[in-house]
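Below is one structure; the comments refer to it alone.
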Amino acid sequence: MTRTDQQTKESEVLRRPGRWLALAVLVLAVLLVAVDATVLGLATPFLSEDLKPTGTQLLWIGDIYSFVIAGLLVSMGSLGDRIGRKKLLLVGAAAFGAVSVLNAYATTPEMMIVARALLGVAGATLMPSTLALIRNLFHDPRERSLAIGIWGAMASAGAAVGPVVGGFLLEHYWWGSVFLINLPVMVVLVLVGIKFIPESKNPAPGPWDLPSVGLSLVGMIGVVYAVKEAAAHGLRLDMGVAAVVGVAALTWFVRRQLRLDAPLLDMRLFHHRGFSGAVLADLLTILGLSGLVFFLSQFLQLVQGRHPLEAGLAELPAAIGAVTAGLIAGVVARRFSVRSVVSGGLAAVGLALAVLTLLDRSTGYPMLGASLLVVGIGAGFAFTVTADVILSSVPREQAGAASAVSETAYELGAALGIALLGSVVTGVYSDFVTPEGVPAATSAAAHESLGGAVEASAGLPDATAGALVTAAQDAFVEGLRIAAGAGAVVLLATAVAAWFLLRGQKLEEGVEHP
């Protein structure tokens, strides 16, 4: 047999049959986790009317899912490396489906909080497992780049489809239906996954260090809780305590990993400039984007008067751009360079956010839709290539831990973005001048949030109500413009940093041997 024939035979062996069907199953999981992160926002008013939670309970219902996911991603990624990523994915998918039913039929606020927390535990098993399995399914780097592009595209699509699906279901069914859609998809995932997804794990993993799991959970929840609560309610003693405990736990976590023979997370991964640069780019990009995306839905519904389904559809250009860019990102990065694609994508997002500083209450959809399309294209290029760099920078046996770091950067960036940029919007909004004739109690409710202003105005005379809502909307839009400007600065600065941090970084070319 000639060398060429041998290489061809090896290449055919490495291109595992059924890998694309396995990928389709994996992206189903990603799609659902992304949908579930955004769909609850639309269901909250209906859920509140039914379960009647207190203000604090409502906050926990909304936040506990992301708190638990952020706290457990690294631990679950490492667990998958040890016991098998397929096994963890299938167990997590079955749990996600079962707990979704518990969410749908929750009868008290306390039950709903516990159900959302359990859903976060199950969700934390899915995201790092899916990306790590892609690393082991696709040994051809070009195929892997396309697979990662599809994975990222589905994550982006899920975040945008969530409001659309949620809007449709809430207009036709009760609020629990937004959770029951998870069940049939998870059944398909488990049944098809058993047959087509190959098992993979670290052949010499070492023990799963439970103290490290606890430190990671306490540290991430402490930090994320502090920044989210500070954005919503300003600085308080309990937030300061949570921040100190969180930072101390994460510091202890890092020191412990450096001493362990088999760490939960190998801190030496961060010595690789490409890995560190890609993780930092992800974190700062989401930080710059998330605050704006969070408040844009409110702008579309409470300022421009769109229905939930219409508002969800209005945000679709971002998903379309992300899906398109993700599918071709690997080819473009090899044609030009990793740093030019990542930096160019981030710069495009930054410029699109800069355009949104021109928003006002009557801004037409063409400008908004075009900006969202550019945001989606830029983010699709940047996130797909950085995910490829992160996975390619580590040995396959550490793929789960590396994937978890990428996902954790995403979650932490989202929390920081909503906290920091959210505080800008909230700070500007709360200073608006109340029109004459508005009672003090109504004014206080109106200054809490734009939704509160719209609701509080219902009992006022038409002229006074109109003046109050207009003043509140103007203040909200002004805060949104400033937040967009801040996000633009963060994204443009990240583009410059990525240009230097990713210097010389290339995507893999040769077929990888297992």
Side-chain angles (χ1 to χ4, degrees), residues 24-25 27-54 57-69 92-127 154-192 293-294 296-298 300-302 306-316 319 451 455:
V25 174
V27 299
L28 270 179
V30 174
L31 186 68
L32 271 192
V33 173
V35 166
D36 217 75
T38 57
V39 76
L40 185 68
L42 291 174
T44 297
F46 304 90
L47 182 152
S48 299
E49 184 178 342
D50 194 10
L51 301 185
K52 296 180 172 51
T54 65
Q57 287 173 331
L58 190 59
L59 284 173
W60 278 106
I61 289 170
D63 290 339
I64 192 68
Y65 177 75
S66 59
F67 287 170
V68 173
I69 281 187
F96 199 88
V99 177
S100 294
V101 177
L102 187 62
N103 277 261
Y105 292 101
T107 54
T108 66
E110 294 81 5
M111 183 178 174
M112 190 68 188
I113 291 169
V114 172
R116 290 288 290 169
L118 292 174
L119 201 65
V121 175
T125 68
L126 299 178
M127 295 299 281
M154 288 304 101
S156 301
V161 167
V164 178
V165 172
F168 173 80
L169 290 173
L170 291 169
E171 287 182 11
H172 294 85
Y173 306 101
W174 104 111
W175 60 265
S177 62
V178 302
F179 296 107
L180 291 183
I181 58 170
N182 298 338
L183 199 56
V185 177
M186 287 303 170
V187 169
V188 172
L189 191 156
V190 171
L191 293 179
V192 179
V293 171
F294 179 76
L296 194 58
S297 294
Q298 296 182 50
L300 290 168
Q301 293 180 67
L302 298 177
R306 301 176 191 269
H307 296 296
L309 180 57
E310 186 185 359
L313 291 171
E315 295 179 34
L316 277 181
E455 188 174 340

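Scanning both residues, Asn103 and Met112, for their nearest heavy atoms gives O-SD, 3.6 Å. Ala117 approaches Val68 most closely through the heavy-atom pair O-CG1, 3.7 Å. Counting all heavy atoms, side chain and backbone alike, Ala104 lies closest to Gly176 at CB-O, 3.3 Å. The minimum heavy-atom distance linking Leu126 with Gly92 is given by the pair CD2-C, 3.9 Å. Nearest heavy atom pair, residue Ala93 against residue Val190, reads CB-CG2, 3.9 Å. Between Val192 and Val25 the shortest heavy-atom distance is CG1-CG2, 3.2 Å.
In this structure, the side chains of Ser100 and Leu119 come closer than 4.5 Å at one or more pairs of heavy atoms. Counting only heavy atoms from C-beta outward, the side chains of Leu189 and Met186 approach each other to under 4.5 Å.
The closest donor-acceptor contact from the side chain of Asn182 to the backbone of Gly97 lies at 3.5 Å or more, if one exists at all.
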For a side chain to side chain contact (heavy atoms under 4.5 Å, CB included) check, start with the C-alpha distance between Arg116 and Val99, then their side-chain angles and the critical distance, and finish with the verdict.
CA-CA 8 Å; Arg116 290 288 290 169; Val99 177; over 6 Å; no
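Annotation: the span from Leu118 atom CG to Tyr65 atom OH amounts to 12.5 Å, rounded to 0.5 Å. From Leu183, atom CG reaches atom CZ of Phe96 across 11.0 Å, with rounding to the nearest 0.5 Å.
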